[in-house]
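Here's the structure we're looking at; comments come further down.
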Number of protein chains: 2
Amino acid sequence: MLYDLLGYGERMGSKNSTATKRADALRSIDAIVQAAAECLGQNPEASLSEIARAAGVGRVTLYAHFASRAEVVDAAMSRAIDRGNEVLDTVDLSGDPLLALARYIEAGWHLVDQARALLAAAQRELSAERIRVLHAGPSARVEALLARGRAEGAFRTDLPLAWMVNVLHAVMHSAAEEIRAGRLTSEHAGHHITATVLAAFTPPGQPVPEAGGGAPR
Amino acid sequence: MLYDLLGYGERMGSKNSTATKRADALRSIDAIVQAAAECLGQNPEASLSEIARAAGVGRVTLYAHFASRAEVVDAAMSRAIDRGNEVLDTVDLSGDPLLALARYIEAGWHLVDQARALLAAAQRELSAERIRVLHAGPSARVEALLARGRAEGAFRTDLPLAWMVNVLHAVMHSAAEEIRAGRLTSEHAGHHITATVLAAFTPPGQPVPEAGGGAPR
DNA sequence: TATAACTTGAACAGTCCTGTACGACTTAGT
DNA sequence: ACTAAGTCGTACAGGACTGTTCAAGTTATA
C-alpha cells in the first residue's frame, strides 16, 4: 500500500496536475471532511461508517475519495488547523508582549477547546512527525511572539523557548479538559490561563503582573 | 501490595469476594497486574492476549480472575497509584512551601512520566469518576501543600486551588510528553517544571523566585 | 492423601471494523 | 444530448478482539 502523496499535497494547498474533480465530488469530499471533524471531535474512535453517515454519503463514496482512515483523519485535522490559522490571523500580536500574549490566549484557547478530541484522534492515527508539521503554523506564531517578548525583557530567558511554547499549550489544553469535566466554566478559563501563563513567563526577580480585571474566583 | 483486590473486585461485581484465594492464584493475579501495567504503559491498546502472554499465563486464566478488560486496567492503574503514593510518602512536604513544592515536583514528575501511557489507557477504559477517585490521594497531598502555602502568603490566592492543582499536573504531564518526544532531557525536566510552576504560583505583585541551581540552558 | 481450587489450550460464538468488488443508477460538463 | 464521472446499496473477504465453554491436567492445602 502506497502513501497517497498527491492527496496530502492536495489537502495542503498545492495545485494537483491531475484532472479536476467534478463539482459533486468536491461537495462530497467537503461533507466528509466536515463530518469527520464533528464525529471525531465527539468521539476519537468514530468509525468511517459513522462519518460517512453523518456526511450524508455512502460508505463506498468515502472510500472513493480517501484510501484509508488515516487520510480522513489527516484531512479533518488539516482543516481544523487551517480554520484556526484563519482566526489567529485576525489577532493583533504587536505592541506590549504581555497584552499581545493575552490576546493570543483569548483567541487560542477556544480553538484548543474545539479541536481537543480531534487532536486525540489524530494522535492515534497519525505519526508524531505529521502532527508536528500540521502544528507548525500556530507554533511559529507564538514562538515569534515569545521571542520578541524575551528580547524586550518582558518574558524570562532562563528557560528554553520551546519549553515555554509547550507550557502555554499545555495549560490551554488542560483548561479545555477542565471545562469538559465541568470543573471550570468558559467565562473564567481565559482569565485563569492568562494569569497563570503571564506569571510563569515573568523573568525571575521581576514582580508578577496583576490580573487584568477578571473575576478572581 | 496496598491495592486491594477484593476492594475493586466487589466494586466491579466480580465473583468470589469472600473465599480466600490459593497462593498460586494470588501469584497469577499479581503477574497479570504487573504485566498489564508494563504492556499498557508501552501501548494503551495492548490486548488481553498480549497481557496474559507477558504475564506468562494463559488467556483463560486471566479471565478466571478478571471479568473484563476494564477490571484489568483498573487493577493496573490502582497498583501504579499505590506505588506512587508510597514514593510520595517519603517526600518531606513541611517547611518552606516553595522548597516543599520543589521536592514534590522532583519526586512527582518521574511518577507521572512512568504512568503516562497507563493513564492514557485508563482514560479510555475507565469512567472519569473512577479516575478521579484513584487520583484522590496524590491530589489531596498537593492540595494540602498549596493550601498551606497560600495561607502563609507564599502562593497566590487569586486563582482557585483546584485550578492550581490542575496546572501543576498539566505541566508535569506535558514535560513527560516532551521527554518521550525527545525534545527535553530528563536532567532538565525537574528544573524547568519547578521554575515554571513556582513562577506561576507567585502572588501578583511579588517577585518571581530565582531558580535554585539547575542548568539554565 | 484426598479434593477442591487452579491452570491450560483449543475451540466457539459474536461483534465490530477495514477495505474491495460489482452492477445499476444519477449527475455534471462540454 | 451524450458520456464520463460520481454515487449507492449490497455483499464479500479478512482480521482483531472479547468473552465463554469444555475436558484434561496440575498443585496447593487441610
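Letters A, B, ... are given to chains in the order of the sequence lines, protein chains preceding strands, and every chain is numbered from 1.
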Q. Can you check whether B:R27 has a side-chain N or O nearer than 4.0 Å to OP1 or OP2 of D:dA28?
A. yes

Q.
Does C:dT7 have OP1 or OP2 under 4.0 Å away from a side-chain N or O of B:S28?
A. yes

Q) Given axes from five pairs at either end, by how many degrees does the helix from C:dT1-D:dA30 to C:dT30-D:dA1 bend, rounded to 10°? A) 30°

Q) To the nearest angstrom, how far is B:F66 atom CZ from D:dT18 atom C1'? A) 16 Å

Q) Between B:N85 and B:R141, do the side chains contain an N or O donor and an N or O acceptor separated by less than 3.5 Å? A) yes

Q | Modelled atom types, side-chain donor and acceptor of A:D74 and A:S78, under 3.5 Å | A | yes

Q | Spacing of B:R130 atom CZ and B:H135 atom NE2 [to the nearest 0.5 Å] | A | 11.5 Å

Q | Any N/O donor-acceptor pair, B:R59 side-chain to D:dG19 base, under 3.5 Å | A | yes

Would you tabulate the pairs of protein nitrogen or oxygen atoms and nucleotide nitrogen or oxygen atoms of nucleotides 24-26 of chain D closer than 3.5 angstrom?
none

(Q) Among C:dC6, C:dG29, C:dG9, which nucleotide has an atom closest to any side-chain atom of A:A23? (A) C:dG29

Q: Kindly point out which of C:dT7, C:dG19, C:dA21 is positioned nearest to the side chain of A:S68?
A: C:dG19

Q) Parallel, tilted or perpendicular for B:W163 and A:H192, by the 30°/60° rule? A) tilted

Q.
Heavy atoms within less than 4.0 Å of DNA chain D: which residues of residues 35-47 of chain B have one? Give them sorted by number.
A. B:S47

Q) Is any side-chain N or O of A:H65 closer than 4.0 Å to OP1 or OP2 of D:dG6? A) no

Q) Does A:R69 get its side chain close enough to the base of C:dG19, under 3.5 Å, for a donor-acceptor pair? A) no

